[in-house]
Number of protein chains: 2
Amino acid sequence: MKKFNRIAIVGVGLIGGSLGLAIKKNKIAKKVVGICRRKVSLKAAVKSGACDIVTLNYKKGLKGADFVIIATPVGRIVNIAKKVIKHVKSNVILTDVGSTKEIIVNRIEKIVPSHVKFVGSHPMAGSEKSGVKFAQHDLFKDSVCIVTKSKKTNKKALNTVKKFWKTIGTTSKVLSPANHDRYISFVSHLPHVAAIALTVAAESGSLEYASTGFRDTTRIASSDPLLWQDIFMTNRKSIIKSISKYKKILREIEISIKGKNKKFLRSILKKSKDIRDRLE
Amino acid sequence: MKKFNRIAIVGVGLIGGSLGLAIKKNKIAKKVVGICRRKVSLKAAVKSGACDIVTLNYKKGLKGADFVIIATPVGRIVNIAKKVIKHVKSNVILTDVGSTKEIIVNRIEKIVPSHVKFVGSHPMAGSEKSGVKFAQHDLFKDSVCIVTKSKKTNKKALNTVKKFWKTIGTTSKVLSPANHDRYISFVSHLPHVAAIALTVAAESGSLEYASTGFRDTTRIASSDPLLWQDIFMTNRKSIIKSISKYKKILREIEISIKGKNKKFLRSILKKSKDIRDRLE
């Protein structure tokens with residue numbers, strides 16, 4: 001893809017840091033600038049080698065940037081977008097990496113001036129770890145990145161954002177913000193709820209017998225609580241719907257175990273295996 | 001440990017096959033005999049190298065065995081024990097590898113003659129894969145094996161069974177059959193129910209966006225449906241209790257998302273992270 005002059009990343013944590021490393025590895029920009037909130041993160045960002053320049057100053061960090069990525073936790077993205085748009089040049093492309101999209105995209109589209117081209121992104125990569133020290137240049141390799149398209153999305157900017165994600169190794173797919181939130185509630189937000197509830201449900205005496213099954217099923221429960229509080233708060237409608245569907249299925253399994261309904265159990269176990277096997 | 005003369009394994013699948021390989025690797029028996037149900041499994045068992053002798057014939061397979069392991073799916077263990085006890089010599093030690101224990105141990109203890117020393121086992125290792133072709137000599141390494149102790153358990157046999165599991169790499173822990181079933185419902189059976197329900201709940205359109213989080217959380221849903229139908233049917237009481245507790249926690253999360261109760265969400269996310277982090 002055409003090389004950017006300067007890419008600015010706001011928030012240099014696991015995702016922002018990995019983006020910096022991937023951009024440098026794939027030579028997508030002449031310079032990568034990291035914008036941090038605190039001095040301590042600034043030092044870690046410098047040490048990671050993910051950025052050529054690291055600063056606490058938005059004006060300085062955004063000067064000359066032609067592509068800006070907001071890589072902070074979901075709950076701060078909109079406020080940061082407000083700050084970013086004050087300092088960017090005309091025709092800059094702005095994206096974010098938030099795990100929920102309808103609220104974020106709607107709110108940013110409302111405040112963004114016409115000379116800033118905003119396109120929402122959600123790279124479906126990451127880990128239960130957080131912090132730039134876990135950043136990897138290949139974090140996004142072979143993953144899916146959802147890029148959102150709304151009525152207000154600029155088509156040229158959408159294509160550039162898609163190309164950007166493709167160049168660092170993801171398969172980019174386009175969804176409306178609402179469809180993003182609906183689908184992702186089933187494959188990410190509901191599994192998160194399920195994993196939390198499993199760890200909290202487990203009697204303390206039982207945990208010493210936890211094997212690979214429990215560990216895998218609950219791995220994501222180790223994720224950052226604040227990040228997930230915000231994800232839950234910004235996709236409430238879809239998550240409530242998916243929990244409701246989930247509880248209905250649990251109830252069916254419960255009833256069939258109570259009623260010794262082997263036929264139903266075998267059928268749902270088989271259905272579930274078929275679905276899961278197809279993902280491999 | 002003192003070497004066995006002849007160990008017979010009934011059922012040479014993933015677990016039975018891995019046991020054979022581990023026994024041979026650790027030189028715990030002069031001979032390992034595999035007893036299979038069907039000719040086709042017999043061929044696969046021979047090919048795996050897990051047994052010195054493989055047979056379809058119980059009488060022949062059990063002749064001279066001083067240690068017998070029933071490594072079939074849960075639903076067949078009791079009936080196989082009935083067949084095994086007809087052909088074994090005095091003072092043979094018999095164990096099984098079933099994932100539920102109270103029903104299995106109670107039923108076998110009722111039929112076992114005094115010259116056969118039965119001790120229940122549950123090695124907490126395995127995989128969503130099944131079949132001897134996936135057998136590995138180190139499947140049990142660094143895992144936990146629960147050995148059950150009831151009023152009828154012979155202490156000397158219990159120690160021998162514990163030593164056996166230790167020799168092939170597990171940490172063996174002793175629990176009553178009832179406590180086994182209670183604890184394991186939380187760390188294995190409930191997670192299984194949760195994983196199945198997650199795959200079935202997911203809207204079909206959402207699955208193409210499934211990332212590592214969904215894959216890990218639902219990995220165990222690929223397990224053998226018949227095996228799990230039997231596990232559910234033989235630990236009904238504890239599984240129903242754990243599903244009920246799980247649903248209560250889900251309801252709390254659901255209510256707090258509906259009511260925008262950030263404080264509760266943050267607190268349960270933090271609690272869950274603390275529990276999960278301690279497992280690492």
Side-chain angles (χ1 to χ4, degrees), chain A residues 124 143-144 146 183-184 186-188 190-191 193-203 205-206 209-211 213-222 225 228-229 232-233 236 239-240 242-243 245-247 249-250 253-254 257-258 260 262 265-266 268-273 275-277 279, chain B residues 124 143-144 146 183-184 186-188 190-191 193-203 205-206 209-211 213-222 225 228-229 232-233 236 239-240 242-243 245-247 249-250 253-254 257-258 260 262 265-266 268-273 275-277 279:
Chain A
M124 305 279 298
S143 68
V144 168
I146 298 169
Y183 288 148
I184 299 309
F186 285 112
V187 291
S188 171
L190 176 62
V193 169
I196 296 166
L198 281 175
T199 58
V200 175
E203 279 186 14
S206 67
Y209 308 104
S211 177
F214 188 81
R215 283 168 200 269
D216 284 358
T217 318
T218 61
R219 179 182 58 79
I220 51 178
S222 276
W228 277 91
Q229 172 201 297
F232 289 163
M233 292 305 291
R236 291 171 54 245
I239 297 176
I240 287 165
S242 61
I243 293 179
K245 189 171 175 194
Y246 185 55
K247 279 170 51 194
I249 295 163
L250 287 174
I253 297 173
E254 190 184 22
I257 293 177
K258 270 186 188 161
K260 301 187 189 180
K262 280 193 199 184
L265 287 173
R266 196 159 57 240
I268 197 166
L269 280 158
K270 204 178 160 323
K271 184 177 176 187
S272 161
K273 179 175 169 57
I275 296 168
R276 184 58 186 81
D277 284 353
L279 284 185
Chain B
M124 305 279 296
S143 68
V144 168
I146 298 171
Y183 288 149
I184 300 310
F186 285 111
V187 293
S188 171
L190 176 62
V193 170
I196 296 166
L198 281 175
T199 57
V200 175
E203 278 185 15
S206 67
Y209 308 105
S211 178
F214 188 80
R215 282 168 202 267
D216 284 359
T217 318
T218 61
R219 180 182 58 81
I220 51 178
S222 276
W228 278 90
Q229 171 201 297
F232 290 163
M233 293 305 292
R236 292 171 55 244
I239 297 176
I240 288 166
S242 61
I243 294 178
K245 190 172 174 193
Y246 185 58
K247 278 171 53 194
I249 296 164
L250 287 173
I253 298 173
E254 189 184 22
I257 293 177
K258 269 186 188 161
K260 301 188 190 182
K262 279 192 198 185
L265 288 173
R266 198 158 56 241
I268 197 166
L269 281 158
K270 205 179 160 322
K271 184 177 175 187
S272 160
K273 178 176 169 56
I275 296 167
R276 185 59 185 80
D277 283 354
L279 283 185

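The chains referred to below are lettered A, B, ... by the order of the sequence lines, with proteins before strands, and numbering in each begins at 1.
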Apply the test side-chain contact (heavy atoms from CB on, under 4.5 Å) to residues B:I220 and A:T217: give CA-CA distance (whole Å), side-chain angles for both, the deciding distance (0.1 Å), then the verdict. CA-CA 8 Å; B:I220 51 178; A:T217 318; 3.7 Å; yes

Please report the C-alpha distance between A:L198 and B:I249 in whole Å, then the side-chain angles of each, then the deciding distance to 0.1 Å, and finally whether the side-chain contact (heavy atoms from CB on, under 4.5 Å) criterion is met. CA-CA 9 Å; A:L198 281 175; B:I249 296 164; over 6 Å; no

Go through it in stages, so that I can follow the logic: the residues are A:V200 and B:Y246, the test is side-chain contact (heavy atoms from CB on, under 4.5 Å), and I'd like the CA-CA distance, side-chain angles, deciding distance and then a yes or no. CA-CA 8 Å; A:V200 175; B:Y246 185 58; over 6 Å; no

Residue pair A:L269, B:F232: steps toward the side-chain contact (heavy atoms from CB on, under 4.5 Å) verdict: CA-CA 11 Å; A:L269 280 158; B:F232 290 163; 4.0 Å; yes

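Nearest heavy-atom pair across A:R236 and B:I257 is NE-O, 2.9 Å. For the pair A:I240 and B:K258, the tightest heavy-atom approach, listed with the atom from each and the gap, is CD1-CG, 3.2 Å.
Between A:T218 and B:I275, every side-chain heavy-atom pair lies at or beyond the 4.5 Å cut-off. Counting only heavy atoms from C-beta outward, the side chains of B:W228 and A:L265 never approach each other to under 4.5 Å.
Interface residue A:V193: backbone and side-chain heavy atoms are both found under 4.5 Å from chain B. For A:S222, the parts lying near chain B are the backbone and the side chain together; criterion is any non-hydrogen pair under 4.5 Å.
Taken to the nearest 0.5 Å, the CD atom of B:Q229 stands 4.5 Å off from the CZ atom of A:R266. One finds the CE atom of A:M233 at 6.0 Å from the NZ atom of B:K260 (value rounded to the nearest 0.5 Å).
Put simply, the side chain of B:S206 never gets that close to the backbone of A:F186: no donor and acceptor are under 3.5 Å apart.
Of the listed residues (B:V187, B:L190, B:I196, B:I184), the one with the most heavy-atom contacts under 4.5 Å to chain A is B:V187.
Taking a cutoff of 4.0 Å between a charged side-chain nitrogen and a carboxylate oxygen, A:K245 and B:E203 do not qualify as a salt bridge.
A donor atom on one side chain and an acceptor atom on the other are not found under 3.5 Å apart for B:T199 and A:R276.
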